[in-house]
Amino acid sequence: MKTVTVNIVTPDGPVYDAEVTMVIAKTTSGEIGVLPGHIPMVAPLAIGAVKLKKEGGQTELAAVNGGFIEVRPDKISILAPSAEVAETIDLARAKAALARAEQRLQQKQDNIDFKRAELALQRALNRINVQEGNI
Amino acid sequence: MVNLREIKGRINSTKSTQKTTKAMQMVSSSKLRRAESNAKAYVPYMEKIQDVVGAIAAGTKDSGHPMLTTRPVKKTAYLVIGSDRGLAGAYNSSILRQLQRTINERHKSKDEYVIFAVGRVVRDYFVKRDHNVIGSVVALPDQPTFADIKEIARNAVGMFIDGAYDELYMYYNHFESAISQVVTEKKVLPLTDIAPSTSNAAYEFEPSGEAILEVLLPQYAESLIYGALLDGKASEHASRMTAMRNATDNASDLIADLSLQYNRARQAAITQEITEIVGGAAALE
């Protein structure tokens, strides 16, 4: 089966680097599936899970918080302000962040704070979902 | 005559100071190693993002994106990266001196510029002199992560887009080597000097080039700021290491001088005693 190299890179260093047969990512305009040999493309990503299908059928998950995906025929790069693969996610921390964001949303302060709390909520949920594998 | 006890006391206190500076030097040198490896981990991200930004910006010329257009400058913002603590040699003072000079040259009144301060020393300096400090981060960890400065970076970029100021400059110490750090001024916004991409891949944009620039440019500018912070941190540790090494060396010199003095004084005291005894014995005969 044909494979393509996938990199997930954040400012704090590379997070993931492997050969996969398919990448499924959530862009701001919907989910896309990328196979090897895709035409060059750039798309911004939403906060969401990236599914990485490996040869042999198993799927790895990564939580990606925004950024964008750059596709070339032989290489796919995902650049995000933060990203983690499922095994490295700190579940306790994500849950704490979730609780904090929920609390802040209930207090309903001004608009900017509200938006920020909502984003934090999304990130925390995303991490928890990815870690628990229920995508 | 010099007091023996006094000299002994000074030697001891210098020795304990030397122990402290020596320990600080070693701590800084290990922090410097970590900072350098952090900076290295960051390089792939920066290169990649530069590459893509270059490709897209070349593909969508004259996009009219606010971050790419130069506006007449009415107000300037300076983002200054310093440290929280002193004892780092000229690390902070050289940045502050240079920035102050630039400000004096470029601006007539304090309304013409605003300041973002990273580090307590920098913030205090500008607040004390009544400059317009509109954002600050203090107590950054020694090995900062992107999350630590995301907020100030986002603010700095957001306020430029909103038109609060028309230029954004960064001031930080560029890490050249463990013994040389250079104060650097870098223009972050507007993004006028984007290097053209090396790979001439023609990209499809999903949904559109403009929509991508909307996401990508702020991310790019924020990562420039983060890069400068990592660079600055490495410089801080290097500069502290050098300062502490000098302090340790000076303490050694001082101890050598004092020991010499101490021994002389001791010798003089013994000689005097002998003379007195001999004098006393001679008087009895």
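Below, chain A is the first sequence line, B the second, and so on; all start at residue 1. All figures in this text were calculated on a predicted structure; none of them were measured in a lab.
At a 4.5 Å heavy-atom cutoff, B:Lys40 makes no contact with chain A through either its backbone or its side chain. Contact of A:Ser29 with chain B is made through the side chain alone, with heavy-atom distances under 4.5 Å. Looking at B:Ser223, neither its backbone nor its side chain comes within 4.5 Å of chain A, counting heavy atoms on both sides. Only the side chain of B:Glu151 has a heavy atom closer than 4.5 Å to any heavy atom of chain A. For B:Phe146, the parts lying under 4.5 angstrom from a heavy atom of chain A are both the backbone and the side chain. Of the atoms belonging to A:Ile39, it is side-chain heavy atoms, and not backbone ones, that fall under 4.5 Å from chain B. For A:Thr27, no part sits under 4.5 Å from any heavy atom of chain B, backbone or side chain.
Put simply, of A:Val9, A:Leu79, A:Val71, the one with the most heavy-atom pairs under 4.5 Å next to chain B is A:Leu79. Listed options A:Gly66, A:Gly67, A:Gly30 were ranked by heavy-atom pairs under 4.5 angstrom with chain B; first place goes to A:Gly67.
Annotation: B:His237 is not in aromatic contact with B:Phe175 [ring centroid separation under 6.0 Å not met].
Side-chain contact check for A:Glu19 and A:Thr3: at least one donor-acceptor pair (N or O, by modelled atom type) lies under 3.5 Å. Using modelled atom types and a 3.5 Å distance limit, the side chains of A:Asp12 and B:Thr145 yield no donor-acceptor pair. No side-chain donor-acceptor contact under 3.5 Å links B:Glu185 and B:Tyr78.
Cation-pi check for B:Arg85 over B:Tyr91 is not met; the charged atom does not lie both under 6.0 angstrom from the ring centroid and within 45 degrees of its normal.
In this structure, the separation between CG on A:Asp90 and NZ on A:Lys95 is 11.0 Å, given to the nearest 0.5 Å.
Distance alone, capped at 3.5 Å, is enough to place a donor-acceptor pair between the B:Asp84 side chain and the B:Ala139 backbone.
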